[in-house]
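Take a look at the structure set out below.
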Amino acid sequence: MSRAFKPKVVTANALLEGDAVWLTIDDRWTRDIAEAELMTDEAHADLRLLEALSRQSEIAGAYLADAAAGANGPQPTHFREAFRTRGPSNYAHGKQVDL
Amino acid sequence: MYVYNDFDEAFVRNRVAQFRGQVERRIDGSLTEDEFKPLRLMNGLYLQLHAYMLRVAVPYGTLNAVQMRQLAYIADRWDKGYGHFTTRQNIQYNWPELRDVPDMLAALADVGMHAIQTSGNTIRNVTADHFAGAAADEIEDPRAIAELLRQWSTDHPEFQFLPRKFKIAVTGATEDRAVTRAHDIGLRMVRNAAGEPGFEVIVGGGLGRTPMVGKVLRDFLPKADLLPYCEAIVSVYNLLGRRDNKYKARIKITVHENGLEKIQTLVEDRFAAIRPTFTGHDQALLAVIETAFAPPAFAVKSSDGYQAARLANPAFRSWTDTNLAAHKAPGYAIVSISIKKHGATPGDATSDQMRAMADIAERYGHNELRISHEQNVILPHVHQSDLPAVYAALRAADLATANIGLVSDIIACPGMDYCALATARSIPIAQDIATRFDALKLEHEIGPLKIKISGCINACGHHHVGHIGILGLDRAGVENYQITLGGDGTQTTTIGERAGPGFSAADIVPAIERLVTGYLDLRTDANETFLQAYRRLGMAPFKTLLYPAEDQADAA
Ligand code: HEM
Ligand code: SF4
């Protein structure tokens, strides 16, 4: 049984700061997942990941993460990816205060 | 304390310069991440969930005041004003930027520190009993041996590409405070029939996804044979260890799959072959190193003020009851500074706190500090008459929590708040448990209890050897916490047993509360610890506490 493809975003860590970034439709790296390109086609997602991986001087460790369409744009569906949009829970550090 | 000689100094400086070049080439795009990753890991630089992380070695847990102040300076200058002390006697900085890391390493080199081999498939930071050189139950200070091992293992050409990471721990005491049986090599100092000190050599212990208690490879190894013998073990492992499957690559699996006897034969053969090539240089070096670990000049003075202060101040008395350990010198005490204030992140110290601890160590502690694997900081040598002043200074720095060895003295790995490998968070669980038991005002009545939490099966938080272990997992996209009971990390090392189905993040703290308050009813008297009660009674009554019959169905 082939499972339905879950929508994806391309995400990575910024090369210099190391924080989470997402790929936008116009090929920018954004720190706000809501601006990311949400991809519903598997082949297209794989291609976008390859393109992302070629941008070695901007990011490290790109991968595809599950996401869902929300009112303002893509949202994480798994708690790990949700933490990456915010930062740690023990201090007000990271995106929850920097963005 | 050991001070870098010209060779060490040049080596570390050289490595900083090399890494600076590698970082530049990574930033300008001439190195890909795949090429850079092994280089950064060799220098302790990880990439985590929200940022890079720099892991700095505190060899055998020993620091002086100048080094501690430098750690504070690095935290302020290049991080967010704090550092995280870990179970392997390292300090981790959670927020460095890539461009700054070479400067951070240079700042470490300024005080004789580095981050070399704090990651990668090499011999890692050699850990030691955090009471080394001070403990009343010690044969000899094991840190000279640890330093010898550090020098031997650093950049050892044969051991830069081992099948997997390799961890060595050493203790000179009867009470095992270094978890030697959960290390790739554990060294316990013992005496032979003639009364000479040597080592019991333990091999193949480890936690992670396949926890194993180390096995005794040699009952007694003369001190002079230590380096060639360790070299023999690592070189047998280097050839025999599996490289086809990273989950089977640790020496614990090599020992398990080949059997202790075969490993013993191979190690003894290899040892016989290489022993003659050790012609005494290592022993000459050891003799020099030993002078660096000579005990401080202990003061002889009255302790009357201490007793009077204990009588006068109940808070001080309570702190002395929990946070002191027996010292070998008359009139002295070992002070454990709790980095586990209720509700705070276990092991995190602010730069102000680091400076305060450095000042106290300089003024009252013979300029020595230790990092314990339990994520606390130790002042190994404090005269009793100085304890009231030390306590007052610690209070002023918010470091006077009286909870060493109690419910709230929890080991917790960074978990999913920082770690890219995590399957669940561990820090908030530790915070909530500590806060809850503080509110119940029960922890002193409960007595000695070790809770240890890991955020995934890698077990960095030592959950397998916690009296109560908590393992955070991802169950169908939700954080879930599994409990193990009866673990022990001392000379009677035992891997804890799984109690049953896991608990949600909301249910785990109440479950721990039922377990611990239930134990109070199960124990024979106040002297029977949680672990003793568990050993006497077995799993059944504790399981009943965790899974009361009426909601057994929901607990799954
Ligand atoms: C970036 C964060 C970390 C990563 C990626 C990481 C990775 C790992 C991995 C993969 C293992 C399993 C090794 C194996 O079974 O072969 C492990 C084990 C371990 N780590 Fe970590 N770890 C991290 C943080 C820490 C921290 C913060 C500590 C100390 C608090 C620590 C101490 C340990 C210990 C004690 C073990 C178990 C002992 C053993 O090696 O068997 N690690 N770690
Ligand atoms: S146990 Fe897992 S979550 Fe915790 S630090 Fe280790 S690898 Fe990360």
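Sequence lines set the chain letters: A, B, ... in the order given, protein chains first and strands last, and positions in each chain run from 1. Heavy atoms only: backbone and side chains are in, while hydrogens, waters and symmetry mates are out.
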Only pairs of heavy atoms separated by less than 4.5 Å count here; which of [options] has the most with chain B?
{"options": "Leu53(A), Leu15(A), Thr77(A)", "value": "Leu15(A)"}
{"options": "His93(A), Glu17(A), Arg84(A)", "value": "His93(A)"}
{"options": "Ser89(A), Gly61(A), Ala14(A), Ala60(A)", "value": "Ser89(A)"}

Report summary line: Looking only at heavy atoms, the pair that brings Phe79(A) and Gly477(B) closest together is CD2-O, 3.2 Å
Is [X] in contact with chain A via its backbone, its side chain, both, or neither, using a 4.5 Å heavy-atom distance?
{"X": "Val101(B)", "answer": "neither"}
{"X": "Thr423(B)", "answer": "backbone"}
{"X": "Phe36(B)", "answer": "neither"}

Query raised in the report: Hey, which of Gln431(B), Met416(B), Glu33(B) has the most heavy atom pairs under 4.5 Å with chain A?
Result: Met416(B)
Query raised in the report: Which of the residues Lys37(B), Arg99(B), Lys80(B), Glu97(B) is involved in the greatest number of heavy-atom pairs with chain A at under 4.5 angstrom?
Result: Lys80(B)
Give, for atom [atom1] of [X] and atom [atom2] of [Y], the distance between the pair rounded to the nearest 0.5 Å.
{"X": "Arg80(A)", "Y": "Leu421(B)", "atom1": "CZ", "atom2": "CG", "value": "8.0 Å"}
{"X": "Phe83(A)", "Y": "Arg425(B)", "atom1": "CZ", "atom2": "CZ", "value": "3.5 Å"}
{"X": "Arg86(A)", "Y": "Leu49(B)", "atom1": "CZ", "atom2": "CG", "value": "12.0 Å"}

Query raised in the report: chain B heavy atoms under 4.5 Å from Ile59(A): which part of the residue, side chain, backbone, both or neither?
Result: backbone
Query raised in the report: Under 4.5 Å between any side-chain heavy atoms of Gln56(A) and Arg26(B), yes or no?
Result: yes
Query raised in the report: Just wondering, are more than 12 heavy atoms of other shown residues or ligands nearer than 6.0 Å to CG in Asp26(A)?
Result: yes
Query raised in the report: Just wondering, more than 12 heavy atoms not from Leu47(A) lying within 6.0 Å of its CG?
Result: yes
Report summary line: Given the options Ile427(B), Asp417(B), Asp348(B), Tyr91(A) meets side-chain contact (heavy atoms from CB on, under 4.5 Å) only with Asp348(B)
**Report entry** Donor + acceptor pair across side chains of Asn13(A), Tyr52(B) (<3.5 Å)
**Finding:** no
Requested in this report: Would you check if there is a donor-acceptor pair between the side chains of His78(A) and Asp474(B) at a distance under 3.5 Å?
Outcome: yes
